[in-house]
There are 2 protein chains.
Amino acid sequence: MGDVMIPVLLADDETLIRTALATMLDLEPDLDVVAHVDSGEELLALWQQRVRSGEPVAVAVLDLQMTGLDGIDTAVRLLEQTPNAGVLIVTSHGRPGYLKRALSAGVRGFLPKTSSASTLASVIRTVHDGGRYVDPALAAEAISTGDSPLTAREADVLEFAIDGASIEEIARRAHLAVGTTRNYLSSAMTKLAVANRYEAALKARELGWI
Amino acid sequence: MGDVMIPVLLADDETLIRTALATMLDLEPDLDVVAHVDSGEELLALWQQRVRSGEPVAVAVLDLQMTGLDGIDTAVRLLEQTPNAGVLIVTSHGRPGYLKRALSAGVRGFLPKTSSASTLASVIRTVHDGGRYVDPALAAEAISTGDSPLTAREADVLEFAIDGASIEEIARRAHLAVGTTRNYLSSAMTKLAVANRYEAALKARELGWI
DNA sequence: GCCTCGCGATGACGAATGTCATGCGCGGCA
DNA sequence: TGCCGCGCATGACATTCGTCATCGCGAGGC
């Protein structure tokens, strides 16, 4: 019996949600939530500890938006260490770009929080067995969105533009000249078909491109 | 036994979270999650139905951020109909202004999702017994933040400014002249001590003032 | 070696934006 | 009744912003 149980590690900084999910998943006969923590850092520490002590490989269920290391950052580090670990990301915001980044990092499951509980449980099993599962709606959206047309610099300046900073401030943060910054912002705006840098930053974030 | 059970109605548009919370709360011996729905509208319909059929008064647990009617809107309508109903709001974003609006609507419980599960359960009991409970950290923040210094018009234009619209566009949406819109934005910017309307809108939202 | 291309920068120009002084009408209110 | 205060509006002004043409430079590609 013990060897058919799937060990699950859960990371989410919202305690209420995390414990509720842990409680619910633990009710599944074949799932064993061995630990749940409130940050990516703690999950990584726990993972390493389990690897060192030779415990059976677990499925990591990560919330995408966490303070500190977010779900994708955590997944990247975890997968650097354990290349084919089963990692599953759960998120409130179905941004296409996030899905792409997660998949290219090697994440094998990606679900919105609007999924059902039974979906989550079955995806945990799928991921544990080496399979993949991506929410169909999110996948369709990611495909139809296409890849980011932004160059690295354009993405940089947009990232600094999102909090409403002036071009001067953006230039300082990006270590670019003011005029250069303007140009990058301008070309990003053209690509995104919007009229100013704020809309551009908003849209790029919406699409997960920054 | 049946009459000591506290009926709980749950509304949250994230199915995974909602069912996990419902499952967890149902494990409490004195709580009975009689239904959980994914929108404020549905919760209101359910509430009315229960009132009409004379069922015992329940505690409503509402997620603050939902598409359509959000937690506060739902609470307002629910409390218009049943003035001293027990309503509890749960949220990811601890904006001071939200807390104030919720309390002035008559909500008696306000918790961040970073609370513990036992806190939620005990606050449901408190609210059911006619008591109040507000997360101490959120309460302190709300007190230190003070009230909104924005006039109604200033708040209006800021709301339209948050998606990056031009002043012309904001003016159209607010049914104001372009110059007037500029003036309101300008005075809002002064009050918020920022340099442009985007920062102003962001800051006002951060503080829960719009 | 030469050519091209992308990155970073500059300067000029018109449009959008933020500021300020000012005006007008209207509902309280002393 | 007269006097704020407030909502809404104008016009003028200096800045900031977005666009565009142009340039230097270094890293490949042939």
Side-chain angles (χ1 to χ4, degrees), chain A residues 97 100-101 104 145-210, chain B residues 97 100-101 104 145-210:
Chain A
K100 285 185 190 165
R101 264 185 277 163
S104 69
T145 297
D147 281 322
S148 172
L150 301 175
T151 68
R153 282 318 116 93
E154 288 161 0
D156 284 350
V157 294
L158 282 187
E159 222 159 339
F160 293 125
I162 203 148
D163 60 1
S166 65
I167 290 189
E168 201 179 355
E169 176 65 20
I170 297 170
R172 193 170 330 121
R173 293 194 211 161
H175 306 290
L176 289 172
V178 173
T180 308
T181 304
R182 271 195 227 255
N183 289 339
Y184 284 128
L185 287 170
S186 182
S187 68
M189 287 158 53
T190 304
K191 288 179 181 175
L192 294 167
V194 295
N196 62 53
R197 61 200 143 102
Y198 308 100
E199 278 186 284
L202 254 19
K203 189 162 182 177
R205 189 175 63 180
E206 185 63 33
L207 295 168
W209 289 345
I210 61 171
Chain B
K100 285 185 190 166
R101 264 186 276 165
S104 67
T145 298
D147 281 322
S148 172
L150 302 174
T151 67
R153 282 318 117 91
E154 288 162 0
D156 284 351
V157 295
L158 282 187
E159 223 159 338
F160 293 125
I162 203 145
D163 60 0
S166 65
I167 290 189
E168 203 179 353
E169 177 64 21
I170 296 171
R172 194 170 330 121
R173 292 195 212 161
H175 306 291
L176 289 173
V178 172
T180 307
T181 304
R182 277 188 208 205
N183 289 338
Y184 284 129
L185 287 171
S186 181
S187 68
M189 286 159 54
T190 304
K191 288 179 182 176
L192 294 167
V194 295
N196 62 52
R197 61 200 144 99
Y198 307 100
E199 278 187 283
L202 255 18
K203 188 161 182 178
R205 188 174 63 180
E206 185 64 33
L207 295 168
W209 290 344
I210 60 170

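Every chain is numbered from 1 and lettered A, B, ... according to where its sequence line falls, protein lines coming before strand lines. Hydrogens, waters and symmetry mates are skipped; everything else that's a heavy atom, side chains included, is used.
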For the pair A:N196 (side chain) and B:G164 (backbone), establish whether a donor and an acceptor sit closer than 3.5 Å, ignoring hydrogens and angles.
yes
Separation of C:dA9 atom C1' from A:R182 atom CZ, nearest Å, is 13 Å
Closest non-hydrogen contact found for A:A204 with A:L158 is CB-CD1, 3.8 Å
Which heavy-atom pair separates A:I162 from A:A201 by the least distance, and what is that distance?
CD1-O, 3.6 Å
Taking donor-acceptor contacts at under 3.5 Å, does the side chain of B:N183 reach the base of D:dC8?
no
Here the distance between atom C1' of D:dG18 and atom OH of B:Y198, to the nearest Å, is 12 Å
To the nearest Å, give me how far apart CD (B:E199) and P (C:dG18) are.
11 Å
Considering non-hydrogen atoms only, spot the tightest contact between A:A188 and A:E154 and give its length.
CB-CB, 4.2 Å
Has the side chain of A:K203 got a donor or acceptor atom that lies under 3.5 Å from a matching backbone atom of A:L192?
yes
Is a donor on one side and an acceptor on the other found under 3.5 Å between the side chain of A:R101 and the backbone of A:W209?
no
Is there, by distance only and without an angle test, a donor paired with an acceptor across the side chain of A:N196 and the base of D:dT16 below 3.5 Å?
no
If you apply the rule side chain to side chain contact (heavy atoms under 4.5 Å, CB included), what do you find for A:D163 with B:E199, and how did you get there?
CA-CA 6 Å; A:D163 60 1; B:E199 278 187 283; over 6 Å; no
Without decimals, in angstroms, what is the distance between A:L150 CG and C:dC7 P?
12 Å
So, does B:R197 get its side chain near the phosphate of C:dG18, meaning an N or O under 4.0 Å from OP1 or OP2?
yes
Which pair of non-hydrogen atoms, one from A:R197 and one from A:I170, has the smallest distance, and what is that distance?
NH1-CD1, 4.1 Å
Which whole-number value in Å describes the distance from B:Y184 OH to C:dG18 P?
17 Å
Checking the side chain of A:K191 only, and the main-chain atoms of A:P149 only, is there a donor and an acceptor separated by less than 3.5 Å?
yes
Positions of residues 151-180 of chain A (non-hydrogen atom under 4.0 Å from DNA chain D), listed by number:
A:S166, A:I167
Looking at five pairs on each end of the helix from C:dG1-D:dC30 to C:dA30-D:dT1, what is the angle between the two axes, given to 10 degrees?
20°
